[in-house]
Amino acid sequence: GLLLFQQDRTRALAAAVLYGTLPVVLISALNVTTDVYLMTLELAATYGILRYYHGGGARWLYLFWLGLGLAFLTKGPVGFVLPLMAVVAFYFRQGQVRRPFTVHHALGFGLFVLVGLSWYLYLVRENPAFLRYFLVEHTVERFANAATFNRGKPWWFYLVLAPATALPWSVALVARAVQTPWSSVPRQWQNVLVFWVLVPLVFFSLSKSKLLLYVLPIFPGIVLLTVYYLGRCTEAVLHRWYVGIVAFYGLLLGLLCLLPIFTAVLDLGFEVHPRTAAWPAAGVI
């Protein structure tokens, strides 16, 4: 946020707060999967390369390669998605001056190989059949064949679930983006929208195997864009969004206060103790 908003701490902090309130991020933090770790490592790699591109020293390049290696170690090639898109977005039609190739690039790549491939190479040495299992079944087949892990979903799965799990901020983003002329948006933010959000969304939608947390890499771009578009609003328009979003959370918390009643009257398959309503009630207050 600080890099993209040119050291504007208010907007950078707003992006961080929005990211922490996204339902999908909270869901990922409470699930026993590797996706939240993968996302954190991808963010670290992305920050490292962007900090390096913005004039940082070689240590940020090493952070990039280390984060990329740990992301690959965590879940394979999918760990490249966000860092790669950030690199493309930084250069695409922006006329950025390319940093020269140095020995640090070679050493950084060596660090990636050491960290990212270490465990896989060990497994291949233990059992050569692992290589085919990893590259074919866990990479190609997972992407191309829905029956491989029984995770087949329709093509529009992410087009619905991604905005739904980014409420209410996705509404603000879509509404403001539609109302803002494309030509008035700086190339940097056009690239964030295209490469951080739309390209990965299309890529994962083409996959036959779908789970909600697979698309976590698009949500940092979503919150950064939301802050950018809301930052273009006048004070009056921003105030209306503020009131609307507060009302949304108030309504949501109010419905949660009624959850013990719903579970007692309707057969929802679970029960909620009446005292549990005190937590959302405190949120309303």
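The analysis underlying the following values was restricted to heavy atoms, covering all of them including side chains, and did not include hydrogens, waters or symmetry mates.
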Indicate yes or no: at least one non-hydrogen side-chain atom of [X] is less than 4.5 angstrom from one of [Y].
{"X": "Y228", "Y": "V185", "value": "yes"}
{"X": "R232", "Y": "R176", "value": "no"}
{"X": "L4", "Y": "W189", "value": "yes"}

Does one hydrophobic cluster hold both [X] and [Y], with members joined at side-chain heavy-atom distances below 4.5 Å?
{"X": "F195", "Y": "Y91", "answer": "yes"}
{"X": "F219", "Y": "V160", "answer": "yes"}
{"X": "L84", "Y": "L117", "answer": "yes"}
{"X": "L251", "Y": "L258", "answer": "no"}
{"X": "F5", "Y": "Y19", "answer": "yes"}

If I take atom [atom1] from residue [X] and atom [atom2] from residue [Y], how far apart are they, to the nearest 0.5 angstrom?
{"X": "L70", "Y": "T40", "atom1": "CG", "atom2": "OG1", "result": "11.5 Å"}
{"X": "L18", "Y": "T21", "atom1": "CG", "atom2": "OG1", "result": "5.0 Å"}
{"X": "Y62", "Y": "F112", "atom1": "OH", "atom2": "CZ", "result": "16.0 Å"}
{"X": "N191", "Y": "L198", "atom1": "CG", "atom2": "CG", "result": "11.5 Å"}
{"X": "K210", "Y": "W156", "atom1": "NZ", "atom2": "CH2", "result": "10.0 Å"}
{"X": "T102", "Y": "L61", "atom1": "OG1", "atom2": "CG", "result": "6.5 Å"}

Sub-6.0 Å ring centroid separation between H54 and F90: yes
Is it the case that over 12 heavy atoms from other parts of the model lie below 6.0 angstrom from the [atom1] atom of [X]?
{"X": "F248", "atom1": "CZ", "value": "yes"}
{"X": "Y249", "atom1": "OH", "value": "yes"}
{"X": "E126", "atom1": "CD", "value": "yes"}

Polar side-chain atom of E42 near backbone of L82 as donor-acceptor pair, under 3.5 Å: yes
Shortest non-hydrogen separation from [X] to [Y] and the atoms involved:
{"X": "R11", "Y": "G231", "value": "NH2-O, 3.4 Å"}
{"X": "W169", "Y": "I245", "value": "CZ3-CD1, 3.2 Å"}
{"X": "L73", "Y": "Y120", "value": "O-OH, 3.3 Å"}
{"X": "F157", "Y": "L212", "value": "CE2-N, 4.0 Å"}
{"X": "S184", "Y": "T180", "value": "OG-CG2, 3.5 Å"}
{"X": "P163", "Y": "Y158", "value": "CD-O, 3.7 Å"}

Over-ring placement of R99 relative to Y53, 6.0 Å and 45° cut-offs: no
Pi-cation contact, F92 with R187 (under 6.0 Å, within 45°): no
Member of F64, F203, F72 meeting the ring-ring contact (aromatic ring centres under 6.0 Å, His included) criterion with F80: F72
Trace of the side-chain contact (heavy atoms from CB on, under 4.5 Å) decision for V197 with I222: CA-CA 7 Å; V197 179; I222 286 177; 4.1 Å; yes
side-chain contact (heavy atoms from CB on, under 4.5 Å) assessment of V103 paired with L107: CA-CA 6 Å; V103 67; L107 293 175; 4.2 Å; yes
Could you go through residues 22-37 and list every donor-acceptor pair under 3.5 Å that involves a side-chain atom there, pairing it with any protein atom two or more places apart or in another chain?
residue, atom, partner, partner atom, Å
S28, OG, V25, O, 2.7
N31, ND2, I27, O, 2.7
T33, OG1, D35, N, 3.4
T33, OG1, D35, OD2, 3.1
D35, OD1, K75, NZ, 2.7

Aromatic plane relationship, W119 with Y122 - under 30° parallel, 30 to 60° tilted, over 60° perpendicular: parallel
